[in-house]
Amino acid sequence: ENYNELAFYEKIKETGKGKISLLHSIYEQATQRPFPVWHQEIGDCVSLGYALAVNTLMGVQIAQGKNETYPADVATEPIYGGSRIEIGQGRLGCSTDDSNDGSHGVWAAKWIKDYGILLRQKYKNYDLSTYNGRKARNWGCYGVPDELEPIAKQHPVKSVALVQSYDEARDALANGYPVPVCSSRGFEQKRDSEGFAKPYGTWNHCMCFIAVDDSYSRPGLLCCNSWGTDWIFGPKRHNQPEGSFWVDADVADKMLNQGDSYALSGFEGFEQHDMLTLMKSLNLV
């Protein structure tokens, strides 16, 4: 199922032209927390990309006055297990090592929309307060424990929509909607003088677009990876988190055109919300 909701793009089409939207800075201002930088232990990148997007969305909604508090980070293990088993029906088999890890963006999108999310905290006999790669792999084999599913369903992401171009991602981010990106595009491990990384090699990998700067002479999206802080080095701009890098618009376009990346909204549909005006009110620009 591709959530190709025409209402998503028509309502916000071209509203990101010439705009800058730094969702990570909005998150930090709203939550008074540093933007999270995670380090995956197994091939569960899809769950880290989607959890980071939901984290970002919660921060944006607090800044908009739609959520009151930031309870905790989103747990990744349920997204990983749920996407592979409850949604993917075990079609990827049971992973015992890195060679059979992984999931699909559309499955993660369907999980968080149909089943919801759990937080980094304890639930009955299950402790999700810290990331655990072994638990993720186990749940990737056997699925999310049945008793946790009704709890997750109390907190769904209301809307997800397929994003297939830089322009669509630009407009989504300009209105406060993060975009987990799943593609085979790899990058160099060094940022250039403007904070961008050049394409290099092949990664079957999921990351998350958390910002856009379409006002710059070199338009691009800010991509947050799940390999910790030290995998990449070089100059940064716009308060970008460690471990992140800017992606040129044409490169992002090719990544998104692979057809497995989705914008997330905390509400039914995708309404216009001008992040530039919000950032000005928060003295972020």
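Annotation: side chain of V181 is in contact with side chain of L256 (closest heavy-atom distance under 4.5 Å). Contact check for L222 versus H24: side-chain heavy atoms found under the 4.5 Å cut-off. Under the 4.5 Å side-chain criterion, counting only non-hydrogen atoms from C-beta, V163 is not in contact with Y262. Under the 4.5 Å side-chain criterion, counting only non-hydrogen atoms from C-beta, K17 is in contact with R170. L278 has its side chain within reach of I26: a pair of non-hydrogen atoms, C-beta onward, lies under 4.5 Å apart. Contact check for F196 versus R191: no side-chain heavy atoms found under the 4.5 Å cut-off. The closest side-chain heavy-atom distance from Y123 to I151 is below 4.5 Å. For the pair L173 and L23, the minimum side-chain heavy-atom distance is below 4.5 Å.
The shortest non-hydrogen separation linking G105 to C182 is CA-SG, 3.7 Å. Considering all non-hydrogen atoms of both residues, P180 and L264 come closest at CD-CG, 4.2 Å. Closest heavy-atom contact between Y131 and I42: OH-N, 3.7 Å. Here the closest non-hydrogen pair linking C224 and I210 is CB-CD1, 4.1 Å. Of all heavy-atom pairs spanning I117 and L119, the tightest one is CD1-CD2, 3.9 Å. Taking all atoms of both residues into account, the shortest heavy-atom contact from C208 to P178 is SG-CB, 4.5 Å.
The NZ atom of K198 lies 10.0 Å from the CG atom of D248; values are rounded to the nearest 0.5 Å. From C206, atom SG reaches atom CG of D260 across 8.0 Å, with rounding to the nearest 0.5 Å. Atom SG in C94 sits 10.0 Å away from atom CZ in R137 (nearest 0.5 Å). Atom-to-atom distance recorded for S165:OG and D253:CG is 5.5 Å, nearest 0.5 angstrom. Note that NZ of K135 and CG of D127 are 5.5 Å apart. Values are rounded to the nearest 0.5 Å. Taking CZ of F233 as the start and NZ of K190 as the end, the distance is 5.5 Å to the nearest 0.5 Å.
Every residue meeting the side chain to side chain contact (heavy atoms under 4.5 Å, CB included) condition with T229, not counting sequence neighbours, appears here in chain and number order: V37, E242. Shown here are the salt bridge (Lys or Arg N to Asp or Glu O under 4.0 Å) partners of R237, two or more places apart in sequence or in another chain: D213. L92 pairs by the side chain to side chain contact (heavy atoms under 4.5 Å, CB included) definition with R84, H104, W107, not counting sequence neighbours. N204 pairs by the side chain to side chain contact (heavy atoms under 4.5 Å, CB included) definition with S184, not counting sequence neighbours.
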**Report entry** Steps toward side-chain hydrogen bond (donor to acceptor under 3.5 Å, both in side chains) verdict (Q121, S129)
**Finding:** CA-CA 4 Å; Q121 64 184 47; S129 55; over 6 Å; no

Report task. Mind running side-chain hydrogen bond (donor to acceptor under 3.5 Å, both in side chains) on Q189 and W231 for me, showing each step along the way? Result -> CA-CA 6 Å; Q189 294 181 309; W231 76 272; over 6 Å; no

Query raised in the report: Checking side-chain hydrogen bond (donor to acceptor under 3.5 Å, both in side chains) for the pair N132/E41: CA distance, chi angles, key distance, verdict?
Result: CA-CA 8 Å; N132 187 312; E41 296 175 357; over 6 Å; no

Report task. Output, in order, the C-alpha distance, side-chain angles, deciding distance and verdict of side chain to side chain contact (heavy atoms under 4.5 Å, CB included) for Y115 and K110. Result -> CA-CA 8 Å; Y115 284 82; K110 188 170 177 60; over 6 Å; no

Query raised in the report: Yes or no on side-chain hydrogen bond (donor to acceptor under 3.5 Å, both in side chains) for S265 and S159, after CA distance, side-chain angles and deciding distance?
Result: CA-CA 5 Å; S265 168; S159 297; 4.7 Å; no

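Applying the side chain to side chain donor-acceptor pair (under 3.5 Å) test to pairs two or more places apart or on separate chains, those with a residue in residues 274-284 are D274-T277. Among pairs with a residue in residues 26-46, those fulfilling ring pair (Phe, Tyr, Trp, His ring centres under 6.0 Å) read Y27-F35, Y27-Y70, at least two apart in sequence or across chains.
Ring pair H205/W203 is perpendicular by interplanar angle, where above 60° counts as perpendicular and below 30° as parallel.
Shown here is Y200, whose OH atom has no more than 12 heavy atoms of other residues, nucleotides or ligands within 6.0 Å. In R91, the CZ atom is crowded: over 12 heavy atoms of neighbouring residues, nucleotides or ligands sit closer than 6.0 Å.
A salt bridge links R120 with E77: at least one charged nitrogen is closer than 4.0 Å to a carboxylate oxygen. With salt bridges taken as basic N to acidic carboxylate O contacts below 4.0 Å, none links K13 and D171.
Of the N and O atoms on the side chains of T202 and R185, not one donor lies less than 3.5 Å from an acceptor on the other residue. Using modelled atom types, one finds no donor on one side chain facing an acceptor on the other under 3.5 Å when comparing W246 with E194.
Shown are N225, V251, I232; of these, the side-chain contact (heavy atoms from CB on, under 4.5 Å) with F187 is made only by V251.
Both Y80 and V106 are assigned to one and the same hydrophobic cluster, defined by single-linkage of ILVMFWY side chains at heavy-atom distances under 4.5 Å.
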